[in-house]
Amino acid sequence: MAIPMSGDKAAIRNWTRAQSRLGRQAARPVMIFGLLSSLAGVGQAWCIASLLGHALMGLDDTAQTVTSFPLWPIGGFAVLALTRAACMMASDTAAAKAGIAARGRLRQHALNAILVGGPALLRRVQSGALATTAVDRIEALDGFFARWLPASVLWIAAPLCILIAVCSVSPQAALILGLCGLTVPFCQALFGIGAAVASRNQFLAMTRLQARFLDRVKGIATIVLAGRTEDETQRLASAAEELRIRTMKVLRVAFLSSASIDCAMAVALIVLAILTGKHALALTTHATPLLLEATLTHGLFVLLVVPEFFAPLRSLALAYQDKAHAQGTATAMLDLPTAPEKAEVEAARTVSASGVMITLDTVSFTWDPARGPALENVSFAVPAGETLILAGSSGSGKSTIIELLLGFITPESGKILLNGAPLETIVPDALARMISWIGQKPVLFAGTVRENILFAAPHADEESLQAAIKASAVEEFLPLLPHGLETQIGEGGFGLSGGQAQRIAIARAYLKNAPILLLDEPTAHLDPATEKSVFESLQRLAVKKTVVLATHSAAAHIFHGRRIDLQHGRVVARQGAAALT
Ligand code: ADP
Ligand code: MG
């Protein structure tokens, strides 16, 4: 599957603009301290220039140098150096804070979007790409908020202040400096446009490589057994090569744009040095020593302040890549689903927690219009405390019904009611509290068995935990684990069999004790003996709950209740009281 791309330029621009607006507030201290630091640099240049000017004059007249060597430039320089260090520290701290705040906000947004999208999102977007968006891409935005936003203001403000200072001593020098400075934005525009595109492409190539790598690692067994190792290695290698080429392009562009600043700075220095030298030479013959010293000091000041003048421009060039990254991230962020706003306005309802009746009224749903509807006019009712078995071969729409009930997707037409209340009007939190869900493959997080069971009910007491362990038959395999309840499982932990993992999921659902239980082929990967015992545990769990069990296993007959058979998204047969609706 391709990397998500909603290449809508206007949308990307709007997103970047909105982020700039949000981030500028936090970046203000960075700008203020950055400006103060530049001004302190100008002050320092003046101190050194005064000192040098005086010293150079003193070369002619040693006696004078010793007697009236001025102390204020030395003191001034020291004080300004301290001020500058403090400003820089404050600016760096503020930048880090701005970056952290912005990344926190964006991660929250991405996480919400992933939660809203639910499992349906994972069918559409590679999980590798999703992980890259939530982790790496947002991390890379640090520079946008911490460096680009302040730099985008400072590159005008700081040089302008410096120009005013230079103008007060020599308007001619200010003009030269200003003209040299003006060439920089032109060169930047020239190379910067290339940088934005190159940097975006580089980021895309990186995402592609990461997503491909994660995906292939997951499917390593399939790849080896299919004899596709060579092919896949080749493909990974070419994705890596693409990344290398794009990275070199970015570096080349960055080098060119930084070289253009160096050029402008060198030209400014040479012209100003010649000017100062000429000026001083012209004066040596007839001017008073005082005037000569002032001219020398001014000339030196102008020369010393040149690097200070170009520094903000250089920061802007360096931060330009950060802006390009932000545009790359915008593409990925815009591709995430947004929470349905309607739900927030209307979702004011909760449903009585004990005993929930589920009703589907002529519900239709289409995933992909090209492939026709996944569900067509499906209707059924499950009274509180009863069980409905959804039978049907693979692809008949069972999981789609479960996802509709979970609220991750909304029906195209028809209604889903819980105790008579439309599903979409129920507060999402309340809905989450009402439903326990067990899928084909339980999700185990890296942690102990205890932590995994307590996941949905972290504050449950020891007594309920033991009851859940017993009812879910986790206790049967606990003695086999090296540290019992405290055994580390999940990623990088002790491996559990499918049946054992499923029992942990059942224990979790026990503790949560929600009135609705949605089971999506919970025994799909289990052998018949394990399947039977898992079904028995599930049966104990199902007591007094409204259950929708999607399965095509014959062993599910131990669940008494209604049953509907699906075929290509249509109900083709009903048994039990399900025939009523
Ligand atoms: P079951 O769970 O009964 O095996 P599903 O509900 O998963 O069936 O799928 C029903 C139909 O919808 C299938 O044809 C399937 O290919 C399609 N489908 C399911 N999820 C998606 C999706 N995210 N995008 C496109 N089509 C989908
Ligand atoms: Mg399914």
Side-chain angles (χ1 to χ4, degrees), residues 1-6 113-130 133 211 215 218 335-338 340 358 360 362-380 382 387-414 416 423 435-443 498 501-502 505 509 516-526 531 534-535 538 547-556 559 562-575 578:
M1 193 183 183
I3 302 293
M5 276 272 298
S6 15
I114 292 170
L115 292 179
V116 165
L121 178 66
L122 282 178
R123 297 208 208 179
R124 189 163 59 85
V125 183
Q126 269 177 323
S127 58
L130 218 53
T133 304
D215 245 38
K218 269 197 231 155
D335 217 61
L336 292 174
T338 39
I358 301 175
L360 256 74
T362 53
V363 168
S364 300
F365 184 84
T366 309
W367 284 106
D368 176 3
R371 282 161 60 184
L375 291 178
E376 249 186 302
N377 298 328
V378 172
S379 301
F380 61 75
V382 199
T387 298
L388 171 80
I389 296 177
L390 287 176
S393 52
S394 196
S396 55
K398 304 184 293 297
S399 297
T400 309
I401 292 184
I402 302 262
E403 277 179 38
L404 281 166
L405 286 172
L406 285 167
F408 287 130
I409 47 179
T410 42
E412 227 159 59
S413 63
I416 303 180
L423 185 87
I435 298 177
S436 285
W437 169 82
I438 297 179
Q440 301 189 356
K441 276 194 137 182
V443 180
Q502 204 56 288
I516 299 177
L517 183 58
L518 302 179
L519 304 170
D520 192 357
E521 303 196 44
T523 60
H525 304 291
L526 306 179
E531 175 175 52
V534 165
F535 266 138
L538 282 172
V547 182
V548 176
L549 165 62
T551 182
H552 44 221
S553 161
F559 281 86
R562 307 169 174 222
R563 171 188 162 113
I564 61 174
D565 283 61
L566 289 170
Q567 220 175 59
H568 302 302
R570 289 165 188 255
V571 179
V572 289
R574 296 172 188 272
Q575 280 171 34

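Both ligands and their constituent atoms are indexed starting at 1 by order of listing.
Between Ala374 and ligand 1, no pair of N/O atoms sits closer than 3.5 Å. Checked against a 3.5 angstrom limit, the closest N/O atoms of Asp368 and ligand 1 fall outside it. Remark: ligand 1 and Trp367 share an N or O pair separated by less than 3.5 Å (distance only, no angle test).
In summary, the atoms of ligand 1 found under 4.0 Å from a heavy atom of Ser394, numbered by their order in the structure, are 4 (O). Of all atoms in ligand 1, listed by their number and element, those nearer than 4.0 Å to a heavy atom of Ser399 are 1 (P), 2 (O), 6 (O), 7 (O). The contact set between ligand 1 and Gly395, taken as ligand atoms under 4.0 Å from a residue heavy atom, comprises 1 (P), 3 (O), 4 (O), 8 (O), 10 (C), 11 (C), 13 (C), 14 (O).
By the 6.0 Å contact criterion, NE2 on His568 is open, its count of non-hydrogen atoms from other residues, nucleotides or ligands being 12 or less.
Residue contacts with ligand 1: Ser396 is included, with a non-hydrogen atom under 4.0 Å away. Taking 4.0 Å as the cut-off, Arg371 counts as a neighbour of ligand 1 on heavy-atom distance.
Judged purely by distance below 3.5 Å, without hydrogens or angles, the side chains of Thr366 and Glu412 pair a donor atom with an acceptor atom. Between the side chains of Ser553 and Glu531, at least one donor N or O sits under 3.5 Å from an acceptor N or O. Side-chain atoms of Thr362 and Asn377 form no donor-acceptor pair, as typed in the model, at a separation below 3.5 Å.
Of the options Ile358, Val382, Leu360, a side chain to side chain contact (heavy atoms under 4.5 Å, CB included) to Leu388 is made by Val382 and by none of the others. The side chain to side chain contact (heavy atoms under 4.5 Å, CB included) test with Thr400 is passed by exactly one of Leu375, Val363, Leu405: Leu375.
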- So Lys441 and Gln502, side-chain contact (heavy atoms from CB on, under 4.5 Å) or not? Walk me through it. CA-CA 7 Å; Lys441 276 194 137 182; Gln502 204 56 288; over 6 Å; no
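Taking 2.8 Å as the criterion, Ser399 counts as a coordinating residue of the Mg ion (ligand 2), since one of its N, O or S atoms falls below it.
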